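What follows is a set of notes on a single structure, which appears directly below.
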Amino acid sequence: MKHKVVADVVAALIGAFVSTEPGGEEAALSFMNWIGIKVDANIIPYEIHLSSPTEKLVNVTHLESLLNYTFKEPSLLVEALTDSSYNCTENYQRLEFLGDAVLDYLLSQYFYKEYHDESRGLLTVMRTISVTNECFALSAIRAKLHEHIIRNSKDLDKRIAATVNEVEKLSVKSTFGWELDTSFPNVLADVIESLAGAIYIDSGYNKEAVFQSIRPLLEPLVTPETARIHPFGELHELCQTENYRRKKSRKVCVDGVTSVSIAVKAKEITCKRTAKANNEKTAEKLASKEVLKLLKDKNVGEDADSHADSHEECRAEGEQPCIDKDQVEGESAVMCETHFEEECPHINEMQSQQPESDSNGIGDSKSCQVNFEAELIGLTQQGILKVEHVPLLVSFLIAHPSMRLTDLPSLRCSFGYYALWEFLHYIESTPLRVLLEDGRARFLGFLDALSMFPFDRTWLDNYKMQIVSPPEDDPSGALKKVLKEIEIIDKELAALQAKKADLQERASELNSILDSPYSVFK
């Protein structure tokens, strides 16, 4: 039986206990302790980190009315709203760390109970949408929480004002942040989580009090009808499903603006869209969103004609696009670095075919590479693979591109990369001695889990041979030989030391004789 199956069953059993009423959480904790996952459920008094007078910093009465919660310890409210620009040590970050986990749990529980007939995949998408920074930032602005953030940064003031201005332009009531056409400071999203953490502590760790207070800020919550994944993830999934080829180019400009171009080859049609933003993630989202508008329409060519005034291009195979010379020169004047990346559902096809070239240089054969990072970040929308897993996977896939998963639904692909991350994390953090002597069973368990996915077996099998059947001159065998020689030398050294002691004793006796009066020999 695969380790992943066992792990999923354990998680499902914990969920089964949690879902029982009443006393589900207590039952789950008992089960976890019984199975060997020791959890200390004792409530530890929270140490207040802020010493400044509360009423001078925030309007406690107004915020309590807004949150529909009365604080027993108002300094927690101040701590939850204090940015690091105002106080680098006593700020909202610890509360945000806690609130992040609490909201994730509460929204998971809400969607599970509210939509009991929906699949795990849809529930995961709904939860992911609800806890994104875009969603939290939008909620914070609509509740005017940005007016109460305690900060001391003119740059942060400008960025918050720009984001608020962008939100005020939105006519859609429920966007979950996808429609934001500008980047935003993280503090706008973080304060929702830090306030949740503050209420959680102040209420004596009452999760229901947190949900009753924070939920109105997040309304309307996502439903199965309104749920849709991030534009970048949606485009990634569409390209995998329809076997479209996708290319991405990125220009990092001197003034801090990043320009991202995404071109998708759909059968005989190539569609391209360029977007600019203060960071690559936002520009990529905007470009993906515009390309999706073209690709979702079956009659792509006609759809492109209706957008002729924008920078998007949609042309037949072999047709040269029209380029505004002044525009190109203007962009190149501020460009300091250009990156070209390519993504394709079939890695072998991508390697065997020469990339296309166009006037914008996207098809540069020397610089077109699979954008592993963007691909993996797109998979994080599924809720299984996390952003913190991406760096290790990217560094590995760059060194071993044949290990890239292809032709899989994004959810299964996300599971596969998570299994690979667990394996890489284990071998990266495990000393070779443990791996060779004590860790072989666990190592083989990881290989069993990876065998459930179409990874390239060459690298895995070679690695397996080194661990399971190491050569005679492997470090472990060599170490044993060295230790054996040391043991022999130690024994010889002990015998020599004993002989040395005997000789020293004999020398002492002889010295005493020589130092004695001559009469002793008569």
Side-chain angles (χ1 to χ4, degrees), residues 11 14-29 39 41 43-44 46 60 62-74 76-77 79-81 92-118 120 122-145 148 173-177 188-227 383:
I14 295 172
F17 280 109
V18 169
S19 64
T20 59
E21 297 290 345
E25 291 186 3
E26 291 77 5
L29 289 172
V39 180
I43 295 178
I44 302 173
Y46 185 75
V60 175
H62 173 73
L63 287 168
E64 287 181 337
S65 175
L66 177 65
L67 297 171
N68 193 28
Y69 178 82
T70 302
F71 280 86
K72 303 179 184 66
E73 185 55 68
L76 280 169
L77 177 60
E79 184 178 339
L81 292 169
Y92 69 76
Q93 291 175 355
R94 283 175 55 85
L95 291 174
E96 180 245 335
F97 165 78
L98 178 64
D100 178 22
V102 173
L103 288 177
D104 198 58
Y105 172 77
L106 289 172
L107 287 166
S108 298
Q109 192 175 52
Y110 168 77
F111 290 129
Y112 175 80
K113 292 181 178 179
E114 188 73 12
Y115 304 103
H116 47 80
D117 292 331
E118 299 297 345
R120 177 249 174 87
L122 180 58
L123 294 177
T124 300
V125 170
M126 292 169 68
R127 179 184 62 190
T128 301
I129 291 172
S130 301
V131 298
T132 58
N133 282 346
E134 289 95 338
C135 179
F136 285 164
L138 197 61
S139 300
I141 292 173
R142 287 176 170 170
K144 298 189 182 301
L145 287 173
H148 303 278
K173 292 183 178 180
S174 175
T175 65
F176 307 111
L188 291 174
D190 293 345
V191 292
I192 294 290
E193 296 171 330
S194 62
L195 286 170
I199 295 170
Y200 183 55
I201 292 172
D202 191 76
S203 63
Y205 303 94
N206 184 339
K207 291 183 285 294
E208 186 61 29
V210 177
F211 195 56
Q212 292 299 323
S213 176
I214 300 298
R215 176 179 174 175
L217 303 180
L218 306 179
E219 293 285 3
L221 292 176
V222 65
T223 66
E225 292 73 30
T226 60

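Keep in mind it's a predicted model, so treat the numbers as computed, not measured.
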> Hey, which of L145, V131, V191, D100 is the one that makes side chain to side chain contact (heavy atoms under 4.5 Å, CB included) with F136?
Replying inline: V131

>> Can a side-chain donor-acceptor contact be found between E118 and Y112 if the only test is distance below 3.5 angstrom?
In response: no

> Charged N to carboxylate O below 4.0 Å: is that the case for R94 and E79?
Replying inline: no

> Going through the checks in order, is the side chain to side chain contact (heavy atoms under 4.5 Å, CB included) test met by Q212 and N68?
Replying inline: CA-CA 8 Å; Q212 292 299 323; N68 193 28; 5.8 Å; no

> Does any non-hydrogen side-chain atom of L138 lie less than 4.5 Å from one of C135?
Replying inline: no

>> So does L98 get a backbone contact from the side chain of E193, meaning a donor-acceptor N/O pair under 3.5 Å?
In response: no

>> For the CG atom of L77 and the CD atom of E64, what is their distance to the nearest 0.5 Å?
In response: 7.0 Å

> Does the side chain of Y110 reach to within under 4.5 Å of the side chain of L221, using non-hydrogen atoms?
Replying inline: yes

>> To the closest 0.5 Å, what do you measure between CG (L195) and NE2 (H148)?
In response: 10.5 Å

> How many angstroms lie between CG in L107 and CG in L123, if you round to the nearest 0.5 Å?
Replying inline: 12.0 Å

> Is there a side-chain contact between V222 and F111 (heavy atoms, below 4.5 Å)?
Replying inline: yes

> So, does S194 use its side chain to make a donor-acceptor pair with the main chain of A80 at under 3.5 Å?
Replying inline: yes

> Is the closest side-chain heavy-atom distance between D190 and Y92 below 4.5 Å?
Replying inline: yes

> Do Q109 and K207 come within less than 4.5 Å of each other through their side chains, counting heavy atoms only?
Replying inline: no

Result block: side-chain N/O donor-acceptor pairs under 3.5 angstrom for residues 197-206, not counting sequence neighbours:
residue: D202; atom: OD1; partner: K72; partner atom: N; Å: 3.2
residue: D202; atom: OD1; partner: E73; partner atom: N; Å: 2.8
residue: D202; atom: OD2; partner: Y69; partner atom: OH; Å: 2.6
residue: D202; atom: OD2; partner: K72; partner atom: N; Å: 2.8
residue: S203; atom: OG; partner: I199; partner atom: O; Å: 2.7
residue: S203; atom: OG; partner: Y200; partner atom: O; Å: 3.2
residue: S203; atom: OG; partner: N206; partner atom: N; Å: 3.2
residue: Y205; atom: OH; partner: I44; partner atom: O; Å: 3.2
residue: N206; atom: OD1; partner: E208; partner atom: N; Å: 3.0
residue: N206; atom: OD1; partner: A209; partner atom: N; Å: 3.2

> Can you tell me how far the CG atom of L103 sits from the CD1 atom of I214, to the nearest 0.5 Å?
Replying inline: 6.5 Å

>> To the closest 0.5 Å, what do you measure between OG (S130) and CG (D104)?
In response: 10.0 Å

